[in-house]
Amino acid sequence: MNPNASLLDRAGLDRVRVGKLIDRGLEGADDGELFLEYKQSEMLVWDNGRLKQATYDTNQGFGLRAVKDEAVGYAHASEVSEGAIARAADAIRAVRGGYSGKYAEAPGRTNVKLYGDENPLEAPGFDAKVKLLETIDAYARAKDQRIKQVSASLGASWQVVEIVRPDGETYRDIRPLVRVNVSVVAASGDRQESGSYGFGGREGYQRFIDAKTWQHATDEAVRQALLNLESIPAPAGEMDVVLGAGWPGVMLHEAVGHGLEGDFNRKKTSAFAGLMGQQVAAKGVTVVDDGTIASRRGSLSIDDEGTPTNRTVLIEDGILVGYMQDRQNARLMGMKPTGNGRRESHAHVPMPRMTNTYMTAGDKDPAEIIASVKNGFYAVNLGGGQVDITSGKYVFNVTEAYKIENGKIGAPLKGAMLIGNGPTDLKRVAMVGNDMKLDTGVGTCGKNGQGVPVGVGQPTLRMERITVGGTG
């Protein structure tokens, strides 16, 4: 497919006639658009010495949306034709109910491109990708005889989106995305432990399949698995917790980030609702959502409504100063869109979603933070978790952790969970490190049944009086 070709032209549609159909569907609405999508994706999985999965998919379709005050009419189809769009226009008119709105101003324009147009599915070829997965398997097994199982995967997508508004304005974006993941299982006697490492971003495969890169990923997966073989049961109780830099920012994303999305605050279902301008975190804590970082997994040149993404400060020195907004919630709250209107595909309505959400660096050396803890818990990597947006309560599994004894890192721990309340625990941040880093490019965020790629990050943090659930 020619990346420069309009999706309307590719479908053989007359732009003027389609514009009239959009006008008919959105008559009397406040906002809305025709969202067109073309997407290719692949997934190759090598597991236990063989190619277990090789899937290739091509999807296309459109979604037509009419926004009328708090109501949304939405119709979508995988058939991109004048007839299908006409039927969609008739369907979404039903939400109007005599409503006559004032049509919203179109999104602003941007000349910024945060990633290239290259299609990662085209290079390297299939045989080279399979050979790479086989090589990763052999490399991992050669590292240590205790490595008993290896799984490696390559995943990529190439998405073209086109947003057509009733005023005739058109917005386009071409979005590559890749992810490489390595997981291993190590065994010693009757005990088995696992380790994993992944990385990716909005670019082609080239940087990620370089030997140094995939070897580092495999080394890390092996290191984690062998470390976990030596781990002891984690203690339980309330203690000082040090969170490592990078991926542990997923706790910030889940326990705090979702609560700062516009829709939850407009509906007053967020623990942060009504707290704008108030102290919601310890001094020194600044949280940002930034969709403008080049080539990052969570970045977008424009969001799925056509709004350019932004660097949006959410919490500044502990004060709540902003929310992440799509167009509908921004208008209803009397605020500006922030470029956070995202959708999983043409079959889904956009809503306020995070891009790359992180806590900015402080001024403490990470070694100083560790040394300040007499008896505590050091969480280097987190796994899955659960969060209640309304209450802010969370539970997170910890996949790599250590004891801290008299300011020194001690034995590795297993079976630990972090349990707490996001808004409460933000105020328990006592020290913020100078080593902020983003994750390696593996995050996927779920909300209302939709998944979108995101980034997370933070510096090393010391948090006081956090509940650790353990088995020791």
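Keep in mind that this is a model prediction, so the values were computed, not measured. All heavy atoms count here, side chains included; hydrogens, waters and symmetry mates do not.
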State, with a plain yes or no, whether a side-chain heavy atom of [X] is found less than 4.5 Å away from one of [Y].
X      : Y      : result
Glu305 : Pro337 : no
Arg343 : Arg353 : no
Val45  : Ser151 : yes
Pro248 : Asp439 : no
Met436 : Met359 : no
Ser270 : Leu260 : no
Leu7   : Val80  : no
Val67  : Arg331 : yes

I'd like to know if the side chain of [X] reaches the main chain of [Y], judged simply by a donor and an acceptor atom lying under 3.5 Å from each other, with no hydrogens or angles considered.
X      : Y      : result
Ser188 : Arg191 : no
Thr269 : Thr390 : no
Gln224 : Ser196 : yes
Lys148 : Gln145 : yes
Trp247 : Thr440 : no
Asp117 : Ile174 : no
Arg175 : Arg202 : no
Gln458 : Gly244 : yes
Arg172 : Ala5   : yes
Asn310 : Thr338 : yes

State whether a side-chain donor-acceptor pair under 3.5 Å links [X] with [Y].
X      : Y      : result
Thr460 : Asp435 : yes
Gln159 : Ser157 : no
Asp425 : Tyr394 : yes
Thr213 : His216 : no
Ser153 : Asn181 : no
Asn356 : Ser299 : yes
Thr309 : Asp303 : no

Inset, instruction - Tell me whether the centres of the aromatic rings in Phe35 and His76 are closer together than 6.0 Å. - result: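 No, the ring of Phe35 stays outside the 6.0 Å limit from the ring of His76, centre to centre.
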
Legend entry - Salt-bridge criterion met for Asp57 and Lys39 (N-O under 4.0 Å):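 No salt bridge links Asp57 with Lys39.
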
Legend entry - Pairing of Asp137 and Arg141 as salt bridge, 4.0 angstrom limit: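 Looking at Asp137 and Arg141, the cut-off is met.
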
Inset, instruction - Assign the ring pair Phe126 / Tyr56 to parallel, tilted or perpendicular, where the plane angle (0 to 90°) is split at 30° and 60°. - result: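 The arrangement is tilted - the two ring planes meet at 30° to 60°.
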
Inset, instruction - Please state whether the rings of Tyr402 and Tyr378 are parallel, tilted or perpendicular, taking 30° and 60° as the class boundaries. - result: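 Judged by the thresholds at 30° and 60°, the geometry between Tyr402 and Tyr378 is tilted.
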
Inset, instruction - Evaluate salt bridge (charged side-chain N to carboxylate O under 4.0 Å, His left out) for Glu193 paired with Arg146, printing each intermediate quantity in order. - result: CA-CA 10 Å; Glu193 298 290 349; Arg146 290 171 290 177; over 6 Å; no

Inset, instruction - Run the numbers on Tyr197 and Val442 for side chain to side chain contact (heavy atoms under 4.5 Å, CB included), then give the verdict. - result: CA-CA 9 Å; Tyr197 192 87; Val442 297; over 6 Å; no

Legend entry - Lys/Arg cation over aromatic Phe199: Arg297, 6.0 Å, 45° cone: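 Cation-pi check for Arg297 and Phe199: fails.
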
Inset, instruction - Evaluate whether atom NZ of Lys447 has more than 12 neighbouring non-hydrogen atoms of other residues, nucleotides or ligands under 6.0 angstrom away. - result: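 Check passes, neighbour count above 12.
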
Legend entry - Atom CD of Glu169 with >12 non-hydrogen neighbours under 6.0 angstrom: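 Buried by this count: over 12 neighbours within 6.0 Å.
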
Inset, instruction - Go through the steps for Gln328 and Asp31 under the test side chain to side chain contact (heavy atoms under 4.5 Å, CB included), then give the verdict. - result: CA-CA 8 Å; Gln328 180 188 23; Asp31 205 356; over 6 Å; no

To check you understand the geometry: which heavy-atom pair defines the closest contact between [X] and [Y], and what is its length?
X      : Y      : value
His346 : Tyr74  : O-OH, 2.6 Å
Gly306 : Ile163 : N-CD1, 3.3 Å
Leu64  : Ile85  : CD2-O, 4.1 Å
Pro459 : Gly433 : CB-O, 3.2 Å
Pro120 : Glu42  : O-OE2, 4.4 Å
Gly341 : Pro350 : C-CB, 4.3 Å

Inset, instruction - Verify salt bridge (charged side-chain N to carboxylate O under 4.0 Å, His left out) between Lys212 and Asp210, making sure each step is shown before the conclusion. - result: CA-CA 6 Å; Lys212 287 184 179 179; Asp210 176 79; over 6 Å; no

Inset, instruction - List the steps, then state whether side chain to side chain contact (heavy atoms under 4.5 Å, CB included) holds for Val452 with Asp304. - result: CA-CA 11 Å; Val452 296; Asp304 293 325; 5.8 Å; no

Inset, instruction - Give me the one residue out of Arg342, His258, Met354 that meets side-chain contact (heavy atoms from CB on, under 4.5 Å) with Met324. - result: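 So, applying the side-chain contact (heavy atoms from CB on, under 4.5 Å) to Met324 and each of Arg342, His258, Met354, only Met354 qualifies.
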
